[in-house]
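Indexing begins at 1, ligand by ligand and atom by atom, following the structure's order. What you see is a predicted model; the values in this text were computed from it and never measured.
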Amino acid sequence: MDPVQLKDKIYWVGAVDWDMRYFHGPTFSTHRGTTYNSYLIVDEKIALVDTVYPPFAGEMLKRIKKVIDPSRIDCIIINHVEIDHSGALPEVMKLAPGAKIYCSPRAREGLRKHFQGEWDYRVVKTGDELPLGRRTLSFIEAPMLHWPDSMFTYVKEEALLMPNDAFGQHLASAFRFDDQVDNKMIMEEAARYYANILYPFSGLVLKKLEELAALGIPISMIAPSHGIIWRKNPGQIIEAYRRWASGDWLPKAVVVYDTMWGSTAAMARAIVEGLASEGVDARLFKVSLRDINGIITELLEARLLVVGSPTINRSYLSALSPFLDDLAGLKPVNRLGAAFGSYGWSRGAVKDIEAKLEAAGLTLAGEGLEIAWVPDAGELESCRQWGRALARKIKEK
Ligand code: FEO
């Protein structure tokens with residue numbers, strides 16, 4: 001794939017990783033692969049904005065060489081230290097040893113620890129500018145979006161925002177722009193990315209969106225460090241981030257459970273029937289069969305999360321632990337929760353699930369529902385009624 005021009009003499013020179021299936025270790029299943037977007041700005045000075053994951057350094061350098069000799073790179077902007085973006089920096093520095101590295105103070109600390117390279121660092125803060133000739137780069141710090149070192153780079157004359165991880169998607173594609181790829185797929189991946197990476201920082205996302213609006217800068221294109229570049233409608237992803245970070249919701253419920261011998265599964269199905277009978281879009285997930293990242297993504301729209309497990313060893317099934325642990329870290333915004341489950345000679349699962357839901361910041365929508373051994377017809381009707389009562393809670397503003 002050749003370099004792809006975004007604007008006059010501004011090129012995508014990154015790499016497409018079709019095979020990446022897990023990101024951040026095993027925590028994020030990237031079922032559609034990913035890209036590492038790196039951008040080359042050719043002006044009186046030549047700037048490279050971010051690099052790529054180390055195994056793709058050669059691929060990136062080949063693309064750069066199709067535009068310029070890499071030794072001509074004057075400036076390297078490192079918006080974020082994480083290795084998928086800074087990992088090829090040592091290879092670039094071998095070819096352009098005189099290049100100056102522009103980054104936030106925390107990024108300089110991180111780069112020194114990662115690479116032990118005593119390079120020519122130029123620490124920048126919000127409002128600092130780097131004139132390249134016809135174009136000027138302006139920097140906007142974005143701490144905790146999603147690391148302390150993160151920052152955005154803005155090409156003023158082109159109204160081009162390069163926000164690194166923000167607004168990205170883990171999506172491998174032969175195309176680079178939003179008008180070339182199915183919009184539903186891009187938004188699905190952008191939502192999955194937000195829910196599984198940026199959710200805990202939603203308050204900061206809102207503040208950053210307000211800051212960008214207050215700066216009054218026009219944005220004609222958003223070029224993130226992963227996935228598709230937003231050139232047709234950059235406002236679409238900004239508005240989606242506002243919605244997700246605000247905790248806006250639809251009358252939707254996510255029911256997540258696991259089961260030993262089918263009692264909790266029967267309860268789960270009856271609860272879904274009760275929710276649906278009140279017009280709630282209820283979705284059922286047996287956690288051991290489903291992709292946890294996908295379930296978390298459903299919470300971007302759902303008002304209510306219902307979690308069920310039978311009691312075993314006085315608590316919930318270990319199959320639920322990865323989901324509940326993920327939830328505790330991601331802290332969905334403005335969500336209700338409830339717990340249910342079957343038990344035999346002792347209880348414990350519902351109480352422990354409720355504690356986990358509250359630790360993740362959810363508000364309990366009502367008392368948990370517990371049924372001994374196997375639910376009979378009357379008890380299944382109680383499950384439906386419990387679901388209907390939860391549905392009414394969803395509708396309370
Ligand atoms: Fe895409 Fe935070 O690295």
Self-check item: Atoms (protein N, O or S; no water) under 2.8 Å from atom 1 (Fe) of ligand 1
Solution: 4
Quiz item: Aromatic ring centroids of Y241 and Y194 under 6.0 Å?
Solution: yes
Quiz item: In a check of side-chain hydrogen bond (donor to acceptor under 3.5 Å, both in side chains) between E189 and each of Q169, R32, H170, which one passes?
Solution: R32
Quiz item: Is a salt bridge present between K184 and E188, judged by a nitrogen-to-oxygen distance below 4.0 Å?
Solution: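 Salt bridge: yes.
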Practice problem: Measure from the side-chain N and O atoms of D50 to the backbone N and O of N79, and report whether any donor-acceptor pair falls under 3.5 Å. | Solution: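 Yes, D50 side chain to N79 backbone: donor-acceptor pair under 3.5 Å.
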Quiz item: Are R231 and F177 in a cation-pi setup, meaning NZ or CZ lies under 6.0 angstrom from the ring centre and within 45 degrees of the ring axis?
Solution: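 Checked: cation-pi criterion met.
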Practice problem: Rounded to the nearest 0.5 Å, what's the gap from NZ on K393 to CG on L390? Could you check? | Solution: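 Going from the NZ atom of K393 to the CG atom of L390 covers 9.0 Å.
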